[in-house]
Amino acid sequence: MFDRLFDGRIDRASLIIDTLTLAKLRITRFTGEYWTSKQRQASSLHEVSYRACFKPQLPRFFIETLTHPGDTLYDPFMGRGTTIVEGALFGRKVIGNDINPLSKILTEPRLCPPSMEEVERRLAQIKLGKRRDRSTDLAMFYHPNTESEILALRGYLARRLASRKEDYIDRWIRMVATNRLTGHSKGFFSVYTLPPNQATSRENQKKINKARRQKPEYRNVKELILRKTKSLLRNVSDDQIERVSTAGESARLFTGGAWHTKRITDNAVDLVVTSPPFLDTVNYAQDNWLRCWFNHIDHKEVQTKLTVVRSVEEWVSVMERVFQELHRIVRPEGAVAFEVGEVRKRNLRLDEIVVPIGLRTGFRCAGILINQQQFTKTSHIWGVGNNRAGTNTNRIVVFQKPH
Ligand SMILES: C[S@@+](CC[C@H](N)C(=O)[O-])C[C@H]1O[C@@H](n2cnc3c(N)ncnc32)[C@H](O)[C@@H]1O
């Protein structure tokens with residue numbers, strides 16, 4: 001299987017094999033265009049924005065190369081759920097985890113998508129009348145009537161959850177509304193602001209409004225939820241709906257630290273495809289403060305739990321605990337594809353740091369794969385966060401648990 005990963009599908013001549021500083025460990029870096037954004041289009045079901053998410057083609061490459069239908073796929077840092085949703089679309093069983101509760105809110109509904117008609121009918125039943133909450137000042141983002149509708153929807157969803165009446169349609173509406181809260185086009189509830197995965201502060205928004213001489217216009221919350229639902233489902237076939245729903249029935253999505261996943265049994269996982277938080281590059285909790293507010297999550301509390309590390313030593317000690325846990329739950333001969341971006345202006349190569357961590361915790365390193373892709377405009381759609389100078393490179397360290 002690993003031969004297929006590095007050789008089978010790529011023209012040998014296109015490989016640049018680096019002799020690394022890791023040569024002593026006999027670990028090879030393979031550079032090539034293993035997947036591209038032009039390669040088989042990704043499903044529209046992925047189009048939920050999230051900071052530092054990867055493109056669906058990345059997990060797809062490993063899923064197709066290293067697993068079979070029915071195998072179990074796991075992501076300990078699932079974010080918006082790219083690995084989970086892609087695995088489900090390909091008929092794999094899925095397990096996910098993230099310390100941020102928003103991650104489950106954004107992932108779970110796409111493992112049980114409702115039809116347009118179901119969403120339409122449910123929205124028609126929800127009263128989004130006038131509702132003012134003087135303790136919440138979001139006037140710099142929303143027209144007063146839009147703000148009332150958001151507050152009413154937030155209240156409805158909270159009541160459904162508290163009374164245990166929340167179902168897959170409510171969860172879908174929650175996910176879409178969370179996704180539509182702020183953004184830079186008329187498809188969002190807010191006035192023009194930063195991209196949707198990066199909510200700015202109230203004070204900054206006031207400055208943006210002043211600089212752009214803008215005032216929030218009215219946006220119809222129900223209409224925008226329906227429009228986004230249509231867009232998310234636009235290229236999802238009936239077969240795919242069936243596959244994700246089957247995966248959804250057995251899916252297990254956890255909210256907690258990646259090093260402490262006791263509910264996952266030993267040797268349960270065939271393949272892990274993941275991308276950890278990097279060194280202090282993204283502040284997930286701050287970027288998500290408005291999404292947290294909408295879902296009654298205390299973003300400051302989430303901030304204290306998230307791994308935000310400032311030194312390599314600290315990062316290594318956190319990842320060592322994560323790898324120990326992965327070694328417990330991955331089956332013998334199962335694999336881990338661990339994506340590390342390029343941080344700190346390319347001076348620091350996290351892939352070289354990850355290899356010894358994996359080896360110390362009992363894995364064998366099969367190699368480092370560098371997917372080099374020329375930057376295209378469409379890459380933006382997927383929220384690729386590490387585009388620089390026209391090239392997007394993902395580095396993935398591939399490990400195998402020995403028999
Ligand atoms: C690079 S993002 C993953 C993005 C994901 N691959 C996607 O496509 O959406 C890293 C994720 O790690 C999560 N995270 C940070 N610290 C964590 C921890 N200690 N345990 C589990 N998840 C954590 C963050 O909330 C964030 O969602």
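One-based numbering, in listed order, for ligands and for the atoms of each. What you see below is based on every heavy atom in this structure, not just the backbone, and it leaves out hydrogens, waters and symmetry mates. Sequence positions, counted from 1, serve as the residue numbers for this chain.
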With nothing but distance in play, are any N or O atoms of [X] less than 3.5 Å from an N or O of ligand 1?
X      : answer
Asn100 : no
Ile99  : yes
Phe54  : yes
Ser275 : no
Thr82  : yes
Ala258 : yes
Tyr50  : yes

Quick one: which ligand 1 atoms are inside 4.0 Å of a heavy atom on [X]?
X      : value
Pro276 : 1 (C)
Gly256 : 20 (N), 21 (C)
Gly79  : 9 (O), 27 (O)
Met78  : 5 (C), 7 (C), 9 (O)
Trp259 : 19 (N)
Gly257 : 20 (N)

I'd like to check [X] versus [Y] (side-chain heavy atoms, cut-off strictly below 4.5 Å). Are they in contact?
X      : Y      : answer
Arg29  : Arg395 : yes
Tyr142 : Ile150 : yes
Ser49  : Arg80  : no

Distance-only donor-acceptor check, side chains [X] and [Y], under 3.5 Å:
X      : Y      : answer
Thr246 : Arg243 : no
Thr178 : Asn295 : yes
Glu325 : His260 : no

Hey, does the side chain of Tyr50 reach the backbone of Leu106 with a donor-acceptor pair shorter than 3.5 angstrom? no
If you count heavy atoms of other groups shown closer than 6.0 angstrom to [atom1] of [X], is the number above 12?
X      : atom1 : result
Lys228 : NZ    : yes
Glu242 : CD    : no
Asp266 : CG    : yes

Heavy-atom distances under 4.0 Å decide this one: backbone, side chain, both or neither, for Glu339 against ligand 1? neither
Does at least one non-hydrogen atom of Phe278 fall below 4.0 angstrom from an atom of ligand 1? no
Would Ser103 count as a contact of ligand 1 if the rule is a heavy atom under 4.0 Å away? no
